[in-house]
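These notes are about the structure you will find just below.
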Amino acid sequence: MRGERPRTSLLMEDIGQALSVQYNNLVYDMKATGQDIITLSLGEAFFDLPLPEFGGLTTPALHHYSHSRGVPELRRLLAKYYETKFALPVDPDTEMIVTAGSKAAIYMTLMAVLDPGDQVIVPEPYWLSYPAQIRMCRGEPVMVPHDVPVLDFERFVTARTRAVIINNPNNPSGHVYTRAELEHLHELADRHGLLLIVDEAYNEFMPPGTGFLAAGALDPDKEHTVTVNSMSKNYGVSGWRIGYLIADQRLTDEVLKINQHLVTCAPTLLAAYLAEHFDDLLDITRPQIRRTVALRNRVGAWFADNGIDTLPGTSTFYLFASLGDSTLDSTGFAGRLLKENAISVVPGIGYGDSCDRYIRVSVGSESEDRVTRGVTAIRDLVEATTPARLPARPGPA
Ligand code: PMP
């Protein structure tokens, strides 16, 4: 070596791995050595789906790039889905881009709106890639601790704030934003000229009898709202990397340029398959989604009965469970649970500094029996690491 080895960027040196993905890589490695891990750390629900048959697809050029806004038929169906189910009119030719996963959709949106030093408000518990993506775009995430009500978010707005990003329903708490909360966020965005980025990746995971209110329906002209969604969770095909975003044409035109320079288009074959089976796949996943949400809420009730608090929520397949008075922080707790009980969860610290007394428990990829074994072990470890309460001293006679 004559000179020094080329260095990596200071920007990326400062950014850690996605904690949930990092944990799951560890779990994959442990499983590969034959260990049986009760996996409550995965960010996906496993569904029984038919093996895909690509033979009958009609879209031409399946082996090739598609239009960089996405396979037109899939865009048309997604636009219709939002328009008919969620009262958000969408022009599939100018107001939508199909992306290689919604992760990429969020990143490209941030890249299209942020200049260096611009701030984005990120309520905790956040989906853990938001702050990293904001930093990767040389912006500055401004975190809001989890106990601050939505109605108080305005105090985090500064002259440099450009956007607010929320995840509705929320991963990891399962919280569904109320109409009043969404209206407040729209007013805030309006008043301060902010973009409201709403990640609706879990919108089908609603408890029975509750309709989902899309944030975009309150801003049908898309003056300040970007809606981001994904086929990953609702269709159970996370590995296919198909997501999408909905925004006004001014913004999608900018995102389109990034998409063209970065990936050209989402996988054509898979997008074409999803277009061909758009409705029948949802018919297959919806009953399974219902069962998964019901399991989530049974586990929530079980935690409550066993003295373990969870952040309020009714949706998704996640629970954000409190460690109460355990002497362990979330990383210590998750590490011990994995080592001693072969059970994986994600430490709450990955979801914000105010969340280190929590762990994320996902019930989407294991049988109920194994979930029960997992949460029982969680309760036992909380109890085993909680100092015994001193008996109350008798008061003055
Ligand atoms: N948003 C949220 C809230 C998520 O939980 C995830 C995946 N865990 C994503 C976006 C990314 O999903 P994908 O890139 O697979 O669409």
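Counting starts at 1 for both ligands and their atoms, following the listed order.
Looking at Asp253 and Arg69, a side-chain N of the basic residue comes within less than 4.0 Å of a carboxylate O on the acidic one, giving a salt bridge. Between Glu95 and Arg250 there is no salt bridge, since no side-chain N of the basic residue sits under 4.0 Å from a carboxylate O of the acidic one. Salt bridge status for Lys233 with Glu44: absent, with no side-chain N to carboxylate O gap under 4.0 Å.
Neither the backbone nor the side chain of Met231 comes within contact range of ligand 1; no heavy atom lies under 4.0 Å. Residue contacts with ligand 1 for Glu44 are absent, since no atom lies close enough (heavy atoms, distance under 4.0 Å). Contacts of Ser102 with ligand 1, taken as heavy-atom pairs under 4.0 Å, involve both backbone and side chain.
Remark: the backbone N or O of Val113 is paired with a side-chain donor or acceptor of Arg162 at under 3.5 angstrom.
Defined by atom type and a distance below 3.5 Å, a donor-acceptor pair is present between the side-chain atoms of Asn203 and Tyr81.
The Asn167 neighbourhood of ligand 1 comprises atoms 3 (C), with distances under 4.0 Å to a heavy atom of that residue. The atoms of ligand 1 that sit less than 4.0 Å from any heavy atom of Gly101 are 14 (O), 16 (O).
In terms of polar-atom proximity, Asn171 is counted as a contact of ligand 1, with an N or O under 3.5 Å from an N or O of the ligand. In terms of polar-atom proximity, defined here as any N/O pair under 3.5 Å, Lys233 does make such a contact with ligand 1. Ligand 1 has no nitrogen or oxygen under 3.5 angstrom from a nitrogen or oxygen of Ser238.
Of the protein's non-hydrogen atoms, Tyr202 OH, 2.6 Å is the one closest to atom 5 (O) of ligand 1. Here the protein heavy atom with the shortest distance to atom 14 (O) of ligand 1 is Arg241 NH2, 2.8 Å. The protein non-hydrogen atom at the shortest distance from atom 2 (C) of ligand 1 is Asp199 OD2, 3.4 Å.
In this structure, the side-chain contact (heavy atoms from CB on, under 4.5 Å) partners of Pro169, at least two apart in sequence or on a different chain, are Val176, Tyr202, Met206, Phe212, Ser315, Thr316.
At a 4.0 Å cut-off, at least one heavy atom of Ser230 sits close enough to ligand 1 to count as contact.
Val198 and Val98 fall into different hydrophobic clusters, where Ile, Leu, Val, Met, Phe, Trp and Tyr side chains are chained together by heavy-atom contacts under 4.5 Å.
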Side-chain donor-acceptor pairs under 3.5 Å in residues 136-149, sequence neighbours left out?
unit_1 : atom_1 : unit_2 : atom_2 : d
Glu140 : OE1    : Arg160 : NH1    : 3.4
Glu140 : OE1    : Arg160 : NH2    : 3.4
Glu140 : OE2    : Gln119 : NE2    : 3.2

